[in-house]
Amino acid sequence: MNLYQKTKSKLYINITNRLTNIFQPINVIPKDAQRKNQEIISKSHRLMLELGIIRQANPGSFHFLPLGVRALEKLLHLIDEEMLKIGAQKVILPTLTHSKLWKSTGRLQDFGSELFTVKDRHNQTYILSPTHEEAVSDLIASVSQMSYKEFPLKLYQTTNKYRDEIKPRFGLLRGRQFLMKDLYSFDVDVENARHSYEEVCDSYNNIFSRIGVPFYKAIGSVGAMGGSLSHEYHYKADIGEDQLISCSKCGFYANTDFGGSDKCSHCNSDNIDISTAIEVGHTFLLGDKYSKALMANYFNEKRRSVPLQMGSYGLGVSRILAAAIEVLSQEQEMRWPLLLAPYTVIIIPPKEGSKEEGVIHHLTEKVYALLETLPFLQNNILVDDRIQMTIGRRMIDARRVGYPFTIVIGSKCMEEKPIFELVDLQKNLTLNLYEEQLLLYL
Ligand code: ATP
Ligand code: MG
Ligand code: MG
Ligand code: MG
């Protein structure tokens with residue numbers, strides 16, 4: 001890997017997305033450090049550090065570098081699209097929540113030492129929010145006279161959450177600061193709340209289907225969150241910290257937080273299996289635990305003030321990214337879900353001084369411009385302009401970082417009708433294509 005070799009070439013200056021423009025400090029993690037830290041370094045963590053996607057700032061907190069931000073923003077965009085479809089509205093709640101709110105719901109105790117707290121100059125204690133049920137309930141409570149006509153209401157945000165985890169590890173998988181997309185639903189009664197719950201769960205199914213990594217929806221435990229019903233979304237992986245029990249007879253999944261059993265709690269069959277998994281999302285039908293404690297009420301038709309029925313729905317955005325990489329990657333080669341790769345296509349132009357360079361270097365700009373016309377590839381194509389390096393070396397790097405498609409402007413482009421070599425990483429195929437076939441393939 002030689003991502004440091006970044007002498008800018010005089011060619012391709014009209015192309016914005018050039019590899020030499022990217023801040024991608026690679027990070028070699030010595031083998032013995034990996035061995036010593038085996039417990040805390042997972043494959044996705046190591047690859048993301050080595051390939052300049054993230055960099056550690058403190059235990060359990062990370063800098064997102066430009067390629068990581070691109071992937072993250074694609075995920076946020078995908079989530080926003082699905083949220084729009086169910087009429088959820090985006091907000092940003094403050095990181096600081098007054099501890100008195102947490103006292104009223106009893107969670108100051110329940111969350112215990114996982115809470116990060118800060119004191120202001122007036123000796124007031126604030127929580128660096130690990131989740132926002134208190135904050136959002138207080139927001140609704142502060143709006144007086146909300147009428148039943150204003151519900152259902154769904155508010156969501158994607159913000160940093162803070163938890164002083166006992167064992168921050170595996171990079172983004174268990175951070176002490178991490179990105180969560182959290183949604184809160186408010187309804188006038190249990191039946192409507194149940195409807196909102198189903199609607200949001202369907203939307204989360206869509207989100208996970210579009211990401212494309214096989215996911216498993218399991219009955220979850222309500223834990224300190226409270227409520228009557230909860231589901232978790234999981235990716236199966238060896239390093240997962242949850243155990244799922246699954247029934248091959250009825251397809252039922254549950255987190256063993258519910259207690260181990262040798263029978264399916266749904267159909268009583270003993271065809272059950274246990275697998276380790278990473279929790280990537282969690283939904284709760286909360287009831288009125290928070291609305292009652294914090295007086296998040298509405299006025300019903302008879303002008304009586306009634307506590308709202310709530311739901312809470314979290315997606316571990318930064319964890320999803322790392323978990324997807326954990327599931328899809330090989331030891332030395334990173335793989336991304338197609339829709340989340342920082343760039344979808346990387347173009348490798350000829351080596352500097354080669355006979356190809358003299359004759360066909362202009363094809364790079366041509367292919368780049370052509371592909372840019374496809375809406376889903378706009379601003380999604382990168383040119384590896386480290387032309388001092390051989391095409392072969394750059395192809396190895398492209399594989400390692402895991403760009404889904406590599407297009408080589410090489411010797412076959414010297415034919416009267418240029419032939420482009422296209423590597424499709426997901427299908428593990430190399431194809432020789434004419435320009436028009438290239439467009440059709442992508
Ligand atoms: P875990 O069981 O892994 O500790 P949790 O059940 O405490 O997670 P929730 O309170 O349900 O987490 O939060 C919603 C989502 O936030 C989780 O499903 C997960 O995807 C993500 N998440 C929770 N804790 C972390 C963390 N420390 N780092 C990264 N993501 C996290
Ligand atoms: Mg936890
Ligand atoms: Mg959990
Ligand atoms: Mg959970």
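Atoms within each ligand, like the ligands themselves, are counted from 1 in listed order. Bear in mind the structure is a predicted one, so any value in this text is a computation, not a measurement.
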The single option from Glu199, Glu82, Lys181 passing side chain to side chain donor-acceptor pair (under 3.5 Å) against Tyr204
Lys181
Between ligand 1 and Phe284, is the shortest N or O to N or O distance under 3.5 Å?
no
With heavy atoms of Leu172 as the reference, note each atom of ligand 1 found under 4.0 Å away.
29 (C)
Nearest non-hydrogen protein atom, atom 22 (N) of ligand 1
Phe178 CE1, 3.5 Å
Could you find the nearest protein heavy atom to atom 28 (N) of ligand 1 and give me its residue, atom name and distance?
Gly175 N, 3.0 Å
Mark yes or no: Lys236 above the aromatic ring of Tyr216, with NZ or CZ under 6.0 Å from the six-membered ring centre and no more than 45 degrees from the axis.
yes
Ligand 1 N/O within reach of Asp242 N/O, cut-off under 3.5 Å:
no
Taking distance alone, with no angle check, do Val280 and ligand 1 share an N/O pair under 3.5 Å?
yes
Using heavy atoms and a threshold below 4.0 Å, how should the contact between Glu165 and ligand 1 be classified: side chain, backbone, both, or neither?
side chain
Are Asp384 and Arg18 close enough for a salt bridge, meaning some N to O gap below 4.0 Å?
no
Starting from atom 2 (O) of ligand 1, which protein heavy atom do you reach first, and at what distance in Å?
Glu279 OE1, 3.3 Å
Kindly state whether the ring of Tyr253 and the ring of His266 have centres lying under 6.0 angstrom apart.
no
Given His98, Lys119, Lys103, the one that forms side chain to side chain donor-acceptor pair (under 3.5 Å) with Thr125
Lys119
Look up atom OH in Tyr290 and atom OG in Ser137, then write down how far apart they are to the nearest 0.5 Å.
8.0 Å
For ligand 1, which atoms, with element, lie under 4.0 Å from some heavy atom of Gly316?
16 (O), 20 (O), 21 (C)
Among the N/O/S atoms of Glu279, which is closest to the Mg ion (ligand 3)? Give the atom name.
OE1
What are the atoms of ligand 1, with element, lying closer than 4.0 Å to any heavy atom of Arg163?
5 (P), 7 (O), 9 (P), 10 (O), 12 (O), 13 (O), 23 (C), 24 (N)
Could you check whether Glu81 pairs with Lys85 (Lys NZ or Arg NE/NH1/NH2 to Asp/Glu carboxylate O, under 4.0 Å)?
no
What residue and heavy atom of the protein are closest to atom 14 (C) of ligand 1, and at what distance?
Met180 CE, 3.8 Å
Reference residue Ile407; test side-chain contact (heavy atoms from CB on, under 4.5 Å); the match among Val383, Leu371, Ile346, Thr364
Leu371
Ionic contact status for Glu241 with Arg169, cut-off 4.0 Å:
yes
Counting heavy atoms under 4.0 Å, the part of Thr131 that contacts ligand 1 is neither
Electrostatic pair Asp182-Lys161, nearest N-O below 4.0 angstrom:
yes
Closer than 4.0 angstrom: is that true for some heavy atom of Gly281 and an atom of ligand 1?
yes
Closer than 4.0 angstrom, basic N to acidic O: yes or no for Glu333 and Arg399?
yes
Relative to ligand 1, is Arg319 under 4.0 angstrom through side chain, backbone, both or neither, heavy atoms considered?
side chain
Under 4.0 Å, heavy-atom basis, I'd like to know which part of Leu173 is in contact with ligand 1: side chain, backbone, both or neither.
backbone
protein heavy-atom neighbour closest to atom 4 (O) of ligand 1 works out as Arg174 NH1, 2.9 Å
